[in-house]
Every structure is written in C-alpha cells, then in structure tokens.
Amino acid sequence: MLHKFSINKSDVNFTVEEAEIRPLSLWQSIFAFAIPALMMAISFHWGMPLLQGMGLTIFESIVVVHTVPMALLLMASLVMFHKVDGYPLTKESFSQRFRFPKLTAKAVVWGAAAFIVIMFGYGLFNAGSMIMLEQGWVSIPSSVPAFFNPQVPMTATTFAEMAGGQIVGNWSIIVLYSIMLFFNVVGEELWWRGYILPRQEVRYGRFAWVWHGLLWTSFHLFKWWDLLGLLPVCLVIAYVSQRTQNNWPALIAHFLFNGLGLLVMIMAVAGI
C-alpha cells in the first residue's frame with residue numbers, strides 16, 4: 001500500500017514520493033497485541049493491589065494501571081512511526097500515516113452510528129456474559145474492584161469506597177478520570193487503528209478488520225468475563241476504520257463508549 005504526500009520539515013520543502021506501509025505478518029500481529037495484553041494483565045491484576053497497598057485509593061489505582069500502559073502504547077506508536085518507519089514528525093505525515101485527515105461531518109456521523117451499533121451489540125452479547133457468570137462458567141477474582149464487576153450494583157456507598165470515603169463534591173476524580181480516558185482512547189487508537197491496522201490491511205486485504213477485531217478483543221483478556229460483550233465492539237470499530245480509511249469515526253465511537261464511565265462518575269460526584 002503506497003501513499004504519496006508532500007511534507008514540510010523546518011525550512012526545507014521536500015516530497016516523499018512513495019511512503020510504503022510494510023505488511024504485518026501473522027506472528028508480528030500476534031506479538032503486537034500479545035505484548036500490550038500481557039502488560040495490561042500484569043498492571044491490572046498485580047499492579048492495582050500493589051498500589052492500593054501503598055496507600056492509593058481504589059479509584060487512583062484504577063487510573064494509574066490504565067493510564068500508564070496506554071501512554072506507553074501512544075509513545076510506541078509515535079516511535080515506530082518516526083524512528084522505525086522514518087516518517088518525519090509533521091502534521092501532514094501524521095495525518096496521512098495515522099489516517100486522521102481534516103475532521104468532517106461525515107466522519108462524525110460515522111462515529112455516532114458506530115457508537116449506536118456497538119452499544120446495541122455490547123448490550124446483546126453482554127447478556128450472554130451475565131448468564132455465564134450466573135451459571136458459574138466464568139468467575140471474577142475477588143480482588144477486582146466493583147467498578148469492573150457487573151454483578152455488584154454501583155451504589156453511592158460503592159462509589160464512596162472507590163474514592164477513599166468521599167465521592168460527592170470530589171471533582172478531582174473527574175480530572176483524573178478525564179486524563180485516563182484521554183490516554184485510553186488516544187493511545188489505543190494510534191496504536192491499533194493508526195499504526196497496526198494499515199499494516200494488516202497490506203497483509204490480509206479487505207478482511208483485515210476481522211483479524212484485527214479478534215486480536216483487539218483478545219487484548220482485553222485481563223478482564224476475561226467481559227470478552228463476549230466486547231467482541232462486537234472491537235469488530236465494529238475495526239470494520240468502520242477500514243471501511244472509511246479514516247480513524248476519526250473509530251476514535252469518536254471509542255471515546256463515546258468509554259466515556260459512559262465518565263458520565264457515571266460525574267453523576268456520582270454531583271450527587272445524582
């Protein structure tokens with residue numbers, strides 16, 4: 001897959017005639033997802049209890065174990081883009097390689113439509129996850145915070161416990177959650193859809209989104225009880241990204257989906 005674009009770097013004007021996107025082999029694809037998955041599993045199941053033992057609240061530990069790995073993904077995508085693939089650090093080359101052209105109303109509509117579809121898909125498939133939990137076919141470790149346990153009702157007491165005793169009026173929680181949300185969505189989108197998917201498209205063609213979506217689902221093995229619900233989410237976002245050749249819709253849908261947690265936290269802090 002070849003892209004042609006002009007780039008301005010410092011005071012020098014030059015043209016990259018052919019910027020080739022290298023294919024990603026089977027094993028390269030597996031490692032590209034397996035290493036972040038392992039990093040996230042260690043962070044979630046080992047790092048979170050460790051941080052709480054050091055005195056952080058449940059919520060603060062959640063923010064750290066999600067923000068750090070996703071920030072590393074963001075950094076990795078930029079390092080691979082610039083240092084490994086040799087693209088200059090310019091707005092034009094970034095836009096081309098990571099598929100973030102000028103934002104249009106059409107891209108926003110695609111993103112909103114994808115969000116509606118993934119919400120329906122998650123709700124439908126998550127019903128299956130709940131059945132498996134109720135039947136005991138899948139279990140959730142007792143160390144997992146209530147925020148990630150669909151069997152625990154989210155009450156004011158639960159939120160207060162997460163926040164260390166006080167949730168109402170504690171607006172610093174919203175600041176921390178917003179930071180986590182930014183790195184979660186931007187880090188994943190730059191790495192998965194921005195850097196990895198275009199290389200998989202070179203290797204697998206029109207059905208790369210299927211392989212990509214399945215691997216992205218497997219990345220979430222650290223919360224295995226939620227994999228079934230996340231399957232349609234990961235497949236739809238991957239499909240929309242490849243179908244449009246534009247990552248704005250994927251980023252918008254991903255942000256809206258993950259941003260529901262922020263909305264819940266705002267309601268809790270506001271005392272609603």
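Quick note: residue numbers are just sequence positions, from 1.
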Answer yes if [X] and [Y] sit in the same cluster of Ile, Leu, Val, Met, Phe, Trp and Tyr residues linked by side chain heavy atoms under 4.5 Å apart, and no otherwise.
{"X": "Leu256", "Y": "Val109", "result": "no"}
{"X": "Val138", "Y": "Val152", "result": "no"}
{"X": "Val79", "Y": "Trp191", "result": "no"}

If I take atom [atom1] from residue [X] and atom [atom2] from residue [Y], how far apart are they, to the nearest 0.5 angstrom?
{"X": "Glu188", "Y": "Met70", "atom1": "CD", "atom2": "CE", "answer": "5.0 Å"}
{"X": "Leu227", "Y": "Ser129", "atom1": "CG", "atom2": "OG", "answer": "8.0 Å"}
{"X": "Leu124", "Y": "Leu231", "atom1": "CG", "atom2": "CG", "answer": "11.0 Å"}
{"X": "Met130", "Y": "Met132", "atom1": "CE", "atom2": "CE", "answer": "10.5 Å"}
{"X": "Leu235", "Y": "Leu230", "atom1": "CG", "atom2": "CG", "answer": "10.5 Å"}
{"X": "Cys234", "Y": "Tyr122", "atom1": "SG", "atom2": "OH", "answer": "11.0 Å"}

task: Any chance you could lay out the side chain to side chain contact (heavy atoms under 4.5 Å, CB included) test for Phe147 and Ile58, step after step, and finish with the verdict?
output: CA-CA 10 Å; Phe147 192 73; Ile58 295 174; over 6 Å; no
Closest approach of [X] and [Y], non-hydrogen atoms and distance?
{"X": "Ala163", "Y": "Thr57", "answer": "O-CG2, 3.8 Å"}
{"X": "Ser241", "Y": "Leu197", "answer": "OG-CD2, 3.6 Å"}
{"X": "Ala253", "Y": "Ile118", "answer": "O-CD1, 3.9 Å"}
{"X": "Gly187", "Y": "Leu73", "answer": "O-CB, 3.9 Å"}
{"X": "Met265", "Y": "Phe59", "answer": "CE-CE1, 3.9 Å"}
{"X": "Leu56", "Y": "Val64", "answer": "CD2-CG2, 4.1 Å"}

With a 3.5 Å distance limit and no angle check, can you tell me whether [X] reaches the backbone of [Y] through a side-chain donor-acceptor pair?
{"X": "Arg199", "Y": "Ile21", "value": "no"}
{"X": "Asn246", "Y": "Trp248", "value": "yes"}
{"X": "Ser95", "Y": "Lys91", "value": "no"}
{"X": "Asn247", "Y": "Phe98", "value": "yes"}
{"X": "Ser93", "Y": "Leu89", "value": "no"}
{"X": "Glu189", "Y": "Ile252", "value": "no"}
{"X": "His66", "Y": "Ile62", "value": "yes"}

Does the side chain of [Y] come within less than 4.5 Å of [X]'s, by heavy atoms?
{"X": "Asp85", "Y": "Arg22", "answer": "yes"}
{"X": "Met54", "Y": "Leu51", "answer": "yes"}
{"X": "Asn184", "Y": "Thr67", "answer": "no"}
{"X": "Tyr177", "Y": "Ile266", "answer": "no"}
{"X": "Thr158", "Y": "Pro153", "answer": "no"}
{"X": "Met162", "Y": "Ile173", "answer": "no"}

task: Mark yes when over 12 heavy atoms from residues, nucleotides or ligands other than Phe257 sit less than 6.0 Å from its CZ; otherwise mark no.
output: yes
task: Quick one: sort the Phe219 and Phe222 rings into parallel, tilted or perpendicular, breaks at 30° and 60°.
output: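 Aromatic pair Phe219/Phe222 classed perpendicular.
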task: Classify the ring geometry between Phe100 and Phe94 as parallel (under 30°), tilted (30 to 60°) or perpendicular (over 60°).
output: parallel
Anything under 3.5 Å between a donor and an acceptor, one on a side chain of residues 24-44, the other on a protein residue two or more places apart or in another chain? List them.
{"unit_1": "Ser25", "atom_1": "OG", "unit_2": "Gln28", "atom_2": "N", "d": "3.2"}
{"unit_1": "Ser25", "atom_1": "OG", "unit_2": "Gln28", "atom_2": "OE1", "d": "3.3"}
{"unit_1": "Gln28", "atom_1": "OE1", "unit_2": "Ser25", "atom_2": "N", "d": "2.9"}
{"unit_1": "Ser29", "atom_1": "OG", "unit_2": "Ser25", "atom_2": "O", "d": "3.2"}
{"unit_1": "Ser29", "atom_1": "OG", "unit_2": "Gln200", "atom_2": "NE2", "d": "3.2"}
{"unit_1": "Ser43", "atom_1": "OG", "unit_2": "Val65", "atom_2": "O", "d": "2.9"}

- request: Give the C-alpha distance, both sets of side-chain angles, the deciding distance and a yes or no for side chain to side chain contact (heavy atoms under 4.5 Å, CB included) between Asn126 and Leu228.
  value: CA-CA 6 Å; Asn126 192 55; Leu228 186 59; over 6 Å; no
task: Applying side chain to side chain contact (heavy atoms under 4.5 Å, CB included), run through Arg193 and Trp216 and close with a yes or a no.
output: CA-CA 10 Å; Arg193 256 68 62 196; Trp216 189 32; 3.1 Å; yes
query: For Trp110, which residues count as a ring-ring contact (aromatic ring centres under 6.0 Å, His included) partner, sequence neighbours excluded?
result: none
task: Give the intermediate values and the outcome of side chain to side chain contact (heavy atoms under 4.5 Å, CB included) for residues Asp226 and Phe148.
output: CA-CA 9 Å; Asp226 201 25; Phe148 298 99; over 6 Å; no
message: Please confirm whether the ring centroid of Trp224 lies under 6.0 Å from the ring centroid of His45.
response: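 Yes - the distance between ring centres of Trp224 and His45 falls below the 6.0 Å cut-off.
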